[in-house]
Amino acid sequence: MQITYLKTMHNAIFLPSFIVGIFAISPATLANSIPLNAIETEAPLVPQADDTSTLDYKVLLAPLIPQTAHYKAYYGSFELGDAKFTLPATDSSYYKYNFESEVGLLMLSDGRKLQSDFTLENGKLVPFRYVHERTGTGSEYTEQTAFARSQNFIHTIYKLDALKLDYHETIFDPLMVQLQFRMDVISNKRPLNYKMVKEKEVDEYDFKIIGNETITVAGGTFDTVKFEVVRSSTKRQTFFWMAPKLAYLPVRLSHFSKGSKQLDIQLADYTFDKPLPEIPSLDLVHEQAIFSAYMAQKALSAETEKQDDSEANINHEVSPDKFSEQEVSDLKDMVIN
């Protein structure tokens with residue numbers, strides 16, 4: 001049961017980027033021997049001018065203001081651990097987003113370190129490379145992903161196993177997608193549908209705007225917008241609250257299993273290096289209408305695709321090609337120099 005709690009936390013704490021870690025207890029193994037520079041891509045392309053025709057530049061890019069956010073995770077009254085997101089300042093359109101967490105329960109422990117490198121192009125975030133290190137009880141491993149746009153591939157290594165995925169501009173890494181999500185909410189980009197590379201697969205998620213709610217946590221009292229992770233079953237439900245005045249920084253996340261709260265993650269403190277602009281409010285009636293129309297169209301499309309492909313899911317994007325020995329050798333200096 002304790003294993004499930006830690007696994008649930010790391011599955012939830014990254015939503016909407018927040019779905020990254022899988023925690024499973026097994027006999028202790030040595031850490032993954034792949035170095036952090038095990039994958040290499042070309043330098044990121046020179047960013048194009050940012051498109052700010054529909055929104056004020058400062059408003060659209062508010063989620064990219066240098067920031068640090070610290071969270072506490074609880075199971076009931078028991079504190080499981082904490083996590084920290086950090087977006088350092090940059091003097092260019094090249095960004096680094098970092099995440100660290102340490103959670104534990106009884107004799108179990110789980111630590112994560114993630115780094116996402118990405119660029120800003122035409123008001124959209126473009127992933128470049130991503131590293132995820134897992135330590136603690138059980139298996140330790142490293143996951144690394146490089147988005148080689150010029151090669152039209154996503155190169156990824158997970159637990160020593162390398163694979164090439166087809167590159168698409170709609171695919172993000174599991175960390176920086178949180179920032180893209182915040183920008184999309186501000187810019188009224190709908191639907192809130194995202195694909196991300198995780199563990200050699202492309203996972204897809206939809207998100208629904210529920211309404212407004214005032215939330216009080218250790219970090220303060222905030223007027224928030226409540227979101228829900230869309231799932232086909234109500235056995236598992238995940239809700240999270242984001243504060244518009246904090247450029248939609250996540251304030252709280254609650255995960256329920258069979259109607260019982262299993263996890264609660266709350267903002268403990270935060271800092272922004274610059275004052276935040278005023279963020280426009282959402283038209284909730286309009287949001288609900290857009291979401292209903294989107295889900296109806298998605299259901300219709302899925303039913304149509306069933307007739308042509310019994311596996312109408314994101315896995316069709318995975319290339320069947322494995323890396324050759326030469327390709328693996330050529331990728332040895334990659335991800336973080």
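Note that these values count all heavy atoms, side chains included, but never hydrogens, waters or copies made by symmetry. In this text, all values refer to a predicted model and were calculated from it rather than measured experimentally.
Note: F181 and F227 meet the aromatic proximity criterion, with ring centroids under 6.0 Å apart. You'll find the ring centres of Y141 and Y158 inside the 6.0 Å limit. Separation of the F99 and F85 ring centroids falls under the 6.0 Å cut-off.
A salt bridge links K200 with D161: at least one charged nitrogen is closer than 4.0 Å to a carboxylate oxygen. Note on K113 versus E102: no salt bridge recorded, every NZ/NE/NH1/NH2 to OD/OE distance being 4.0 Å or above. Comment: K208 does not engage E287 in a salt bridge, judged by the lack of any side-chain N to carboxylate O separation of less than 4.0 angstrom.
Using a distance-only test at 3.5 Å, with no hydrogens or angles considered, no donor-acceptor pair links the side chain of S93 to the main chain of E121. Panel note: side chain T224, backbone K226; no donor-acceptor pair is recorded below 3.5 Å. At least one donor-acceptor pair closer than 3.5 Å links the side chain of T137 to the backbone N or O of S109. With hydrogens and angles disregarded, a donor-acceptor distance shorter than 3.5 Å links the side chain of E143 to the backbone of E199. Of the possible polar contacts, one joining the Q67 side chain to the I65 backbone as a donor-acceptor pair under 3.5 Å is found. Listed for the R190 side chain is no donor-acceptor partner under 3.5 Å among the backbone atoms of I290.
Considering only residues two or more places apart in sequence or on other chains, Q180 meets the side chain to side chain donor-acceptor pair (under 3.5 Å) condition with D184. By the side chain to side chain contact (heavy atoms under 4.5 Å, CB included) test, E169 is found to be paired with Y167, residues two or more places apart in sequence or in another chain being considered. K298 is linked by a salt bridge (Lys or Arg N to Asp or Glu O under 4.0 Å) to E204, D206, counting only residues two or more places apart in sequence or in another chain. Scored by the salt bridge (Lys or Arg N to Asp or Glu O under 4.0 Å) test, E79 finds K72 as partners (sequence neighbours excluded).
For the atom pair CG of L60 and CE of M183, the computed distance is 4.5 Å after rounding to the nearest 0.5 Å. A distance of 9.0 Å separates OH of Y130 from CZ of F147, quoted to the nearest 0.5 Å. Atom OG in S116 sits 8.0 Å away from atom CG in L179 (nearest 0.5 Å). Between the CG atom of L61 and the CG atom of L120 there is a distance of 5.5 Å, given to the nearest 0.5 Å.
V230 shares a hydrophobic cluster with F291, Y294, M295; the chain of contacts runs through ILVMFWY side chains whose heavy atoms sit under 4.5 Å apart.
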Scan the side chains in residues 240-252 for donor-acceptor partners under 3.5 Å anywhere in the protein, sequence neighbours excluded, and list what turns up.
{"from": "W241", "atom 1": "NE1", "to": "E213", "atom 2": "OE1", "distance (Å)": "3.3"}
{"from": "R252", "atom 1": "NE", "to": "D264", "atom 2": "OD1", "distance (Å)": "3.0"}
{"from": "R252", "atom 1": "NE", "to": "D264", "atom 2": "OD2", "distance (Å)": "3.3"}
{"from": "R252", "atom 1": "NH2", "to": "D264", "atom 2": "OD2", "distance (Å)": "3.0"}

